[in-house]
Number of protein chains: 2
Amino acid sequence: MISTETAELRILDAAERLFYGRGLQAVGMDEIRSASGVSLKRLYQLFPSKGELIQAYLRRRDVRWRQKLAAYADARTTPEESILAVFDWLYEWFGEPDYRGCAFSNSFGELGATSPAVAETARAHKEAFFGYLTDLTAAAGKPAPLADHLALLAEGAITTAAITGSAEPARRAKEAARVLLAAA
Amino acid sequence: MISTETAELRILDAAERLFYGRGLQAVGMDEIRSASGVSLKRLYQLFPSKGELIQAYLRRRDVRWRQKLAAYADARTTPEESILAVFDWLYEWFGEPDYRGCAFSNSFGELGATSPAVAETARAHKEAFFGYLTDLTAAAGKPAPLADHLALLAEGAITTAAITGSAEPARRAKEAARVLLAAA
DNA sequence: CGACGAGGAGAATGCCCGTTCTCTCCGCCC
DNA sequence: GGGCGGAGAGAACGGGCATTCTCCTCGTCG
C-alpha cells in the first residue's frame, strides 16, 4: 500500500491538474480517483468531501504560487528590478501550455457566490499577493498607492492572457509598470 | 398568453440575474422557468438548449454593457476625459449591490475549457472593449500601447473589485490611468 | 495456522438536472 | 358547435455525480 503522504500528494496533484484545467464543477471525484490511482475510500478518508479537497487544492496552490513568484523576483539586486521581474515571471507563467488564468479568480467566479470558503480563499490569495507588492514598493522607497497600481496591472494581465491565449499582456503590463515606477 | 417577445425578455432577464449572480452551472433550467414564469416547453422552444440560452445571455449582456459604458464616457467633452470617465463608470458599476465581477471572465473561468462557444464569446467581449479604448486613445492622439495599459488597469480593477467586494479599485485604476495618460 | 482489520475495486444509493413527454385546457376558425 | 393546434403544468426519463456500502484480498499478529 502506498503511504498516506504519497496518497495525499497524488490526490492533490491530480486535483490540481483537473480542477485548474477544467473547472471545479466539471471534475468529478471519480475522475480524481482514476487520475490519482488512489481508491475512493482512501480519497474520502484523506479529504472528507469534495469541498475540503477543493480547499486543500487552493491552499497548496496559493503557497506554491507565491513561493515561486518570490523566488524569482527576490533574486534581483534592487527592489525596482524585483518589481519589474514580477511581470517577467508572469510572462513565463502565461507561456505554460496549460495556462488558464488565475485559479483563485476562476474558482471565485464559479463558486464564490455559493461557497464562502472559496470566496475567502480567493480573497486571502489576492491580499497576500498585494502584500508582497506592497513590501517591494516600500523597499523601493515608493509611495504606497504604487502597489495598488502594480497589482491592478498584474491582475489585468492574468485575466487578459487567459482569455486571449497570449502571453503578451505581461509585456504590456511591464511597460506600464515601468512608467508608473519612474513617475512615482 | 404572453407574446413571444415578452417571453424572451422575461427569460433573458431571469437568466441574466441568475447566471450572473450564481454562476452558469449552479443555475438549472427549472429555476429559470420559475423565475421567468414561462413554461418549460416555451423556454425550450425559444432557446433549444441551456447552452444556447447561455450564449443569448452573454451576447445581450455584451451589447448592453458596452452601450452603457460608451453612453457614459462619450458624454465627456474631450477624449482624455472620456478615458478617465471609463474608470468613473467602473466605480459606479462596482458599487451595484449585486456586482460580482465580469460576466465574461467568470463564464470563461467556469466553462471556457469545455465550451468553445463560451470561450469565443468572452474573447470577443474583451476585444470589443479593447477596441473601444483603442478608439479613445487614438482620438486623444496618444500612442497605441496606452490602450493596452488602460485595458489592463480596467480588467484588473474589475477582478479585484469582485474578489475584495470594494469599489476602490476603480479609484486606484483611475489614478494610474491619469499618470499613464500624462506620460504618454 | 487462523482471525482480524485495513484497504482496494467498484456497485449501490440518493439526489439533481437537462430534456422530453403526457395530459389537459383553451381559443380560434369552419 | 366542434375539432384542432398551441400552450401550460408538471411528471417522466436518462444520465451524472457525491457519497456510502459490500465484498473480497491480504498482510499481521496472536
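Order of the sequence lines fixes the chain letters, A, B, ..., with proteins taken first and strands second; residue numbering starts at 1 for each chain.
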Pull out every protein N or O sitting under 3.5 Å from an N or O of nucleotides 17-20 of chain C, one pair per line with the distance.
from: C:dG18; atom 1: OP1; to: B:Lys50; atom 2: NZ; distance (Å): 2.6
from: C:dG18; atom 1: OP2; to: B:Met29; atom 2: N; distance (Å): 2.6
from: C:dT19; atom 1: OP2; to: B:Tyr44; atom 2: OH; distance (Å): 2.9
from: C:dT19; atom 1: OP2; to: B:Lys50; atom 2: N; distance (Å): 2.9

(request) Round to a whole Å and report the spacing from CD of A:Glu31 to P of C:dG10. (result) 16 Å
(request) Starting from P on D:dA7, measure out to CD1 on B:Ile11 and report it in whole angstrom. (result) 12 Å
(request) Would you check if there is a donor-acceptor pair between the side chains of A:Tyr57 and A:Asp62 at a distance under 3.5 Å? (result) no
(message) Can you confirm whether A:Val86 sits close enough to A:Leu150 that some side-chain heavy atom of one is under 4.5 Å from a side-chain heavy atom of the other?
(response) no
(request) Say whether, by atom type as modelled, one donor and one acceptor occur between the side chain of A:Arg100 and the main chain of A:Tyr20 under 3.5 angstrom. (result) yes
(request) Measure from CG on B:Leu43 to C1' on D:dG10 and round the result to the nearest Å. (result) 14 Å
(message) Test your reading of the model: is there a side-chain donor-acceptor pair from B:Asp148 to the backbone of A:Ala173, 3.5 Å cut-off?
(response) no
(request) Quickly work out the B:Arg42 CZ to D:dG5 P distance and round it to whole Å. (result) 18 Å
(message) Please tell me whether A:Glu81 and A:Thr77 have a donor and an acceptor in their side chains that are separated by less than 3.5 angstrom.
(response) yes
(message) Does this structure show an ion pair linking B:Glu175 with B:Arg171, if we count only N-O contacts that are shorter than 4.0 Å?
(response) no
Restricting to nitrogen or oxygen on both sides, can you table the protein-nucleotides 14-16 of chain C pairs closer than 3.5 Å?
none

(message) In this structure, is the centre-to-centre distance between the rings of A:Phe104 and A:Trp65 below 6.0 Å?
(response) no
(request) Specify the separation, in whole Å, of atom CZ of A:Arg33 and atom C1' of C:dG7. (result) 14 Å
(request) Indicate yes or no for a side-chain donor-acceptor contact from A:Tyr99 to the backbone of A:Ile158 under 3.5 Å, with no hydrogens or angles considered. (result) yes
